[in-house]
Amino acid sequence: MFDDRELWKQISAGDAGAFEAWYRDTAPRLRAFLRHLTGSEPAADDLMQETYTHIWRRPQGFDPERGTLRAWLFGIARKQAAEWWRKQRPSDPLPDDGSTIAITETQSILSDVFHRLPQDERALLWLREVEGRSYAELAVILDVPIGTVRSRLFAAREALRDVWHGAAPMKEGRP
Amino acid sequence: MTAVPHCEEAAEYVSALADGETIPSEFAQHIGACASCQARLHDYLAMGAELRRVASLDRGSSLPALPIEKRRTNRSLWKKGLETMRIPKLAFALLVIAVVALASSLTFVKVGAHSSGSVLMLKFTGPDGVSHQCFIDTTKKDYPCGMFGRMGGDSVGLMFRVQSRDGDRIQLGVQSKAYPIGTPEANHMGDSVVDNLPQVQYSFEVGQALKVDVESLGTVAITGEWTDHVPVIFEKDQNHLDPGPDQVRIISPLLLKDKHVIGDMEGASTWTQAPSQAVVIYYPTVGRLLISAGPMKGAVQADAQLNRISFQIEGETYVVLTGAPVSRSEKVWVLLQPDFKASGNMQGGFLTMAEVSQIAPEAVLPQPTVRR
């Protein structure tokens with residue numbers, strides 16, 4: 001566990017050791033988040049590296065009054081992933097290099113269904129359900145009011161539930 | 001009388017309930033008595049649990065190493081300088097901040113129009129008639145250049161980006177902002193302000209003039225030339241290694257304490273021109289360091305040898321390493337203020353220069369009395 005203010009002070013001052021330790025602590029979950037957001041392992045790894053190098057090179061913008069360092073990190077990664085999606089042409093198939101996340105027997109139908117949700121809804125549900133981000137933190141990450149977080153979470157859950165129950169036709173897994 | 005809610009109205013509150021939020025009592029009552037809403041709540045909770053289960057399976061391969069040994073970017077020296085060259089409020093009025101951009105007779109090769117030069121040297125002149133320069137390497141992605149500093153009575157932020165190039169014709173993206181000196185906004189001019197501004201597109205022919213209107217400031221005239229490289233050191237009126245008289249010149253400083261690096265201001269540069277001035281370096285973990293060619297109250301005398309300044313404070317040995325010779329003199333004065341705390345967006349560190357009397361009046365030595 002890290003004290004956000006102290007850690008940020010060290011990172012801002014160029015303490016590579018502190019940054020490396022923070023990376024080791026946070027990167028596995030960030031990579032999982034990005035993998036489920038992009039559906040591609042190489043893309044997730046690239047975006048994860050871009051996220052951390054971006055922070056290392058430009059250690060600005062984190063405000064401890066507005067949320068935790070981890071929430072801020074996931075917010076930056078979400079924006080990187082959104083940018084990645086924007087650069088994918090609508091006609092592009094998902095990367096078919098054997099790296100696309102396989103839905104194995106140990107995973108589930110819900111996981112498959114989850115990947116068919118729009119990217120924004122996937123990000124929101126993941127941050128809430130897996131990362132346990134509060135409404136206030138999600139409001140900062142998404143840059144929306146808390147009331148909007150609640151309504152978007154509801155919409156995302158309904159979309160997932162509809163597809164899960166087979167009550168609605170599957171949407172493409174594109175933003 | 002409150003209307004009894006329907007399932008459609010209650011559904012959003014079912015979602016909130018699944019998140020551990022409290023909800024209005026009428027919806028809580030409805031959900032408690034409604035099998036459909038309870039089924040929805042059950043689904044939401046089950047979906048969340050399933051997602052967490054899937055996530056728990058997803059902790060596989062080892063992490064790649066990050067290239068973070070040095071805080072180095074592939075952007076321009078000027079851009080890197082921008083990030084660390086912050087402006088202490090007290091010093092702002094005196095700031096000569098366009099330091100990095102003010103190149104003059106540098107030894108780069110101007111390759112002229114219709115050539116294969118890939119670096120665009122932009123020269124921009126404000127209403128005050130003072131010209132500034134910066135460089136964009138068009139072969140690199142996202143390589144902006146610009147300035148934060150004073151133009152006439154305004155604190156100005158200007159940022160340029162080459163969006164596309166067709167021979168000498170380029171599409172130039174410009175972000176600009178100006179605030180009158182003395183306003184609170186002027187004290188916080190920096191990349192955090194300029195980065196959020198809309199980018200205005202201009203069609204610009206290298207070799208011809210372009211006029212850009214900056215709100216509240218006036219017209220900035222821009223010209224460009226192709227060059228063969230981005231100069232390593234930008235410095236006003238000086239293109240050699242020998243510092244000027246009474247000058248203290250600090251380029252990309254690294255601060256060591258007992259042989260350990262305790263502060264890095266990579267890419268930022270500044271210098272003084274008179275003994276009454278000081279280079280001001282602020283590292284958040286160290287405090288504020290004033291380095292001057294003239295003595296200051298409470299300062300220690302330091303050895304200035306080529307590109308390093310060595311001194312001792314309270315038994316600790318410090319060295320400031322910089323990218324070029326520091327001073328003509330072999331002695332400079334260093335004042336460390338460990339309790340100094342920067343405010344606002346200067347908290348991450350800054351490098352600038354200022355009159356000592358303005359930023360640290362307590363450090364000004366009394367003038368010797370001349371007996372007649």
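Per chain, numbering begins at 1; letters A, B, ... match sequence-line order.
Neither the backbone nor the side chain of B:A49 comes within contact range of chain A; no heavy atoms are under 4.5 Å apart. With a threshold of 4.5 angstrom between heavy atoms, A:R150 approaches chain B through its backbone and through its side chain.
Comparing B:R40, B:R52, B:E21 by heavy-atom pairs within less than 4.5 Å of chain A, the highest count is held by B:R40. Comparing B:D43, B:T285, B:L51, B:D19 by how many heavy-atom pairs each has under 4.5 Å with chain A, the most go to B:D19.
A cation-pi arrangement is present between A:R157 and B:Y44, with the terminal nitrogen or guanidinium carbon under 6.0 Å from the aromatic centre and inside a 45° cone about the axis.
By the 4.0 Å N-to-carboxylate-O rule, A:R24 lies close enough to A:E20 to be salt-bridged with it.
Ring to ring, A:W22 and A:Y52 are close: their centroids are under 6.0 angstrom apart.
Side-chain contact annotation: A:T68 with A:E137, donor-acceptor N/O pair under 3.5 Å present.
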